[in-house]
Amino acid sequence: MNAQYWTYAAMWRELRRLAGLYPRLMTVEVIGQSREGRDMAGVTLTNRDTGDAASKSALFVDANIHAGEVAGNAVAMYWIAWCLENYGKNPEATWLLDDHTVYVVPRISLDGAELYLTTPHHVRSSPHIYPYSTPPDGFVEEDVNGDGYILMMRVPSSEGGFVIDDLDPRVMRPRRPGERGGQYYHLFPEGRIDQKTQSGSFSSWAHARPARRQGMDFNRNFPIRWAGEKGQPGAGPYPLSEPELRHLTAFIHRHGNVAAYVALHTSGGVILRQPSTGEDATLSETDRLLFTRIADMGAEVSGYFADSNYHIFATGHEKVLMPGAADDWMYDHFGVLSFTLEIWNLPKHAGARGYAEYGVRKLMELKPEEETEDDRKIIDWVSREVPEQGFFAWTPFDHPDFGRVEIGGLNPKFVVQNPPPALLEEECAHVSAFLTKLGLSTPRLELREVKVEEQAPGLYRIAVEVVNSGYLPTSSTAKGRELLLEGLKASISGDVRIVAGTTPAAIGHLDGYGAQDGWAPPHGQRGAAEWMVQGASGTQVEVVVDGPRAGRVAATVVLGKE
């Protein structure tokens with residue numbers, strides 16, 4: 001496995017290389033093009049010798065929906081290679097590809113990620129101009145000193161809200177109420193004033209309002225509680241307005257066997273589960289159990305924290321929490337067990353407080369002195385563990401708009417947002433462990449018994465019993481049971497006439513072992529169907545049981561054969 005950050009061309013070379021090495025285990029297809037014409041990859045992993053991909057329940061993973069979250073793409077690529085290289089060697093990799101299917105879209109924000117990886121720039125999702133038709137005047141982030149990074153600027157000013165920390169001059173602390181008599185600074189990202197309209201002579205500060213240029217946020221563009229641009233910046237002009245998301249959602253719709261979903265993001269070091277709309281009681285009892293137990297399993301094998309979207313992000317100020325998000329869409333509209341996984345936790349590594357452990361609301365309650373204490377810990381850790389290009393010393397620069405400034409601070413791309421390259425493999429391995437366990441938790445059908453009994457000359461009873469030996473129910477969740485129009489079906493085919501029974505016969509949904517109750521028999525994991533048929537002795541009859549998210553199992557029986 002190769003843990004690295006992949007440019008577009010390098011990613012496609014690696015995907016084609018792996019598909020060539022493991023043709024029975026992997027296929028890669030182009031599922032559409034980005035706004036700028038780059039090919040979006042869709043990867044399918046399964047052992048085709050044990051059944052085609054659609055005949056097995058599946059885990060779907062996507063990554064890098066936000067341009068700068070390239071560690072998600074790195075994890076997806078690493079995990080694809082891990083599954084392939086460990087097939088036949090590692091039992092979990094072997095079980096996963098023999099008995100289940102994995103679908104991966106390793107990069108959604110193709111254009112934005114390429115910009116992020118090959119220039120100093122950073123956009124949220126897509127580089128195209130949005131929400132304005134023409135770029136507005138104002139302040140834009142820019143590598144003004146040409147060192148290849150967009151860092152932070154501190155600009156001396158008597159009305160500045162920040163001051164150099166008394167204990168660590170690398171740290172900028174908030175100016176205290178009533179504090180006077182010192183050197184104070186404005187603190188904001190490195191950038192410049194971009195003004196195309198004509199106006200009178202004013203100070204640069206008069207034009208320093210942020211000018212949103214590339215404000216599209218793919219993960220606010222899904223058709224779930226969509227709020228529009230005023231309700232949620234980045235939401236897009238209408239749900240699924242972006243070509244990348246239309247290709248992604250079409251891919252999901254074409255693969256109805258998806259029973260679990262993970263979106264790979266950065267950063268935070270947390271496995272985020274449902275619900276997003278309130279306390280856990282908003283879920284059914286069954287779904288609360290499924291989400292919490294699988295998230296807790298993920299925390300154990302990955303070392304990450306785990307909690308609900310609501311507990312982590314709700315502050316009480318929002319009308320709707322993260323409208324238009326993919327994991328909410330997958331659960332609320334399809335009933336698929338869905339997670340967002342935030343890779344990399346810089347504060348935890350440094351011994352500081354992070355939102356994954358405390359939640360955003362508690363972090364908002366920190367005193368400025370506590371925030372400064374955490375900043376000291378982070379800069380100390382980075383300076384020690386990432387001595388090169390981790391922290392940039394504050395360096396004077398003659399700025400064309402703001403005069404004499406200093407530029408410096410933490411590496412925003414490969415310290416703050418993504419792990420430093422030296423620590424990337426560790427993150428990839430931790431997250432891959434969770435993805436593998438989750439894939440193994442999806443439904444798994446087994447035919448436990450297929451009987452043929454002759455009732456009279458030329459008259460036979462055929463009976464089948466099927467069991468779900470997976471952790472999740474065949475509907476994925478209790479909500480999925482409500483939303484799916486059909487459950488498992490049993491059917492027979494062959495040169496026979498059905499005298500009693502129907503084909504297909506409805507079995508319904510089966511529980512997984514995750515729903516077992518020590519006080520009651522596990523009757524919900526098994527289903528059965530039977531038929532009376534007329535046919536000649538020696539006739540072959542195929543018995544099939546299948547379901548949208550459960551896969552397909554089949555057996556052939558011979559009439560008149562004991």
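Side chains included, hydrogens not; waters and symmetry mates left out as well; all remaining heavy atoms used.
- When ring centroids are compared, Phe334 and Trp329 come within the 6.0 Å threshold.
- When each of Leu337, Leu290, Leu510 is paired with Pro473, the side-chain contact (heavy atoms from CB on, under 4.5 Å) condition holds for Leu290 and for no other.
- Between the side chains of Tyr261 and Asp62, at least one donor N or O lies within less than 3.5 Å of an accepting N or O.
- With salt bridges taken as basic N to acidic carboxylate O contacts below 4.0 Å, none links Glu244 and Arg35.
- Surrounding CD of Glu300 are at most 12 heavy atoms belonging to other residues, nucleotides or ligands under 6.0 Å away.
- Of the possible donor and acceptor atoms, none in the side chain of Arg124 sits under 3.5 Å from a partner among the backbone N and O of Ala67.
- The aromatic rings of His255 and Tyr103 are tilted relative to each other, their planes meeting at an angle between 30° and 60°.
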Item checked: Working for side-chain hydrogen bond (donor to acceptor under 3.5 Å, both in side chains), residues Glu92 and Asn90 -> CA-CA 6 Å; Glu92 290 193 339; Asn90 179 287; 5.7 Å; no
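- Residues His333 and Asp328 have side chains that never bring a donor and an acceptor to within less than 3.5 angstrom of each other.
- Proximity of a side-chain donor or acceptor of Trp226 to a complementary backbone N or O of Ala235 within less than 3.5 Å is detected.
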Notebook entry, point to check: Under the side chain to side chain contact (heavy atoms under 4.5 Å, CB included) criterion, do Ser267 and Leu346 qualify, and how do the steps go?
Noted result: CA-CA 8 Å; Ser267 61; Leu346 174 60; over 6 Å; no
Margin query: Set out, in order, the CA-CA distance, both residues' side-chain angles and the distance that settles side chain to side chain contact (heavy atoms under 4.5 Å, CB included) for Arg552 and Leu445, then state yes or no.
Written below: CA-CA 7 Å; Arg552 178 183 188 273; Leu445 296 183; over 6 Å; no
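- The number of heavy-atom neighbours closer than 6.0 Å to NE2 of His253, taken from other residues, nucleotides and ligands shown, is above 12.
- Side chain to side chain, Thr474 and Asn468 fail the donor-acceptor criterion of an N or O pair below 3.5 Å.
- Less than 6.0 angstrom separates the ring centroid of Tyr355 from the ring centroid of Phe313.
- A donor-acceptor pair under 3.5 Å links the side-chain atoms of Asn257 to the main chain of Lys56, judged by distance alone.
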Solution key, residues 477-488 side-chain donor-acceptor pairs under 3.5 Å, sequence neighbours excluded:
residue, atom, partner, partner atom, Å
Thr477, OG1, Gly335, O, 2.5
Thr477, OG1, Lys479, N, 3.4
Thr477, OG1, Gly480, N, 2.9
Arg481, NH2, Asp511, OD1, 3.0

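- Side-chain N or O atoms of Asn221 include one that pairs as donor or acceptor with a backbone N or O of Leu240 at under 3.5 Å.
- A donor-acceptor contact closer than 3.5 angstrom is absent between the side chains of Asn418 and Glu69.
- With hydrogens and angles ignored, the 3.5 Å screen pairs no side-chain donor or acceptor of Thr436 with any backbone N or O of Ala433.
- Side chain of Gln540 to main chain of Gly494: no donor-acceptor pair is present (N/O by atom type, distance under 3.5 Å, no hydrogens or angles).
- Residue pairs that meet the salt bridge (charged side-chain N to carboxylate O under 4.0 Å, His left out) test with at least one member in residues 262-290, sequence neighbours left out, are Arg273-Asp280, Arg273-Asp307.
- At a cut-off of 3.5 Å, with distance as the only test, no side-chain donor of Asp495 or Thr539 sits close to an acceptor on the other residue.
- The number of heavy atoms from other shown groups lying within 6.0 Å of NZ (Lys348) is above 12.
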Next item on the list: Could you walk me through whether Glu530 and Arg461 pass the salt bridge (Lys or Arg N to Asp or Glu O under 4.0 Å) test, one step at a time?
Entry: CA-CA 7 Å; Glu530 60 180 271; Arg461 173 181 176 268; 3.1 Å; yes
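- Within 6.0 Å of atom CH2 in Trp12, more than 12 heavy atoms from other residues, nucleotides or ligands are found, so the atom counts as buried in its surroundings.
- The environment of CZ in Arg293 is sparse: at most 12 heavy-atom neighbours from other residues, nucleotides or ligands sit within 6.0 Å.
- Checked by atom type and distance alone, the side chain of Ser441 never pairs as donor or acceptor with a backbone atom of Tyr471 at under 3.5 Å.
- Of all heavy-atom pairs spanning Val450 and Ala555, the tightest one is CG2-CB, 4.3 Å.
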Next item on the list: Verify side chain to side chain contact (heavy atoms under 4.5 Å, CB included) between Phe222 and Thr249, making sure each step is shown before the conclusion.
Entry: CA-CA 9 Å; Phe222 286 87; Thr249 54; 3.9 Å; yes
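- Residue Ala325 comes nearest to Ile224 through the heavy atom pair O-CG2, 3.3 Å, listed as atom of the first residue, atom of the second, then distance.
- Side-chain N or O atoms of Arg107 include one that pairs as donor or acceptor with a backbone N or O of Trp6 at under 3.5 Å.
- Smallest separation of non-hydrogen atoms from Ser338 and Val336: OG-O, 2.7 Å.
- Taking the six-membered ring where the residue is Trp, Phe60 and Phe251 present tilted rings, their angle falling between 30° and 60°.
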Next item on the list: Show your reasoning for whether side-chain hydrogen bond (donor to acceptor under 3.5 Å, both in side chains) applies to Glu446 and Ser469.
Entry: CA-CA 7 Å; Glu446 295 182 32; Ser469 62; 2.8 Å; yes
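- The pair Lys451-Glu465 does not meet the salt-bridge criterion, since no charged nitrogen lies less than 4.0 angstrom from a carboxylate oxygen.
- Although no hydrogens or angles enter the test, the distance criterion places no donor-acceptor pair under 3.5 Å between the side chain of Thr266 and the main chain of Ile343.
- Checked against a 6.0 Å centroid threshold, the rings of Tyr331 and Phe291 count as neighbours.
- Remark: the backbone N or O of Ser125 is paired with a side-chain donor or acceptor of Ser109 at under 3.5 angstrom.
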Check: Given Tyr87 and Asp98, is the side chain to side chain contact (heavy atoms under 4.5 Å, CB included) satisfied, shown in steps?
Finding: CA-CA 9 Å; Tyr87 179 82; Asp98 278 350; 2.6 Å; yes
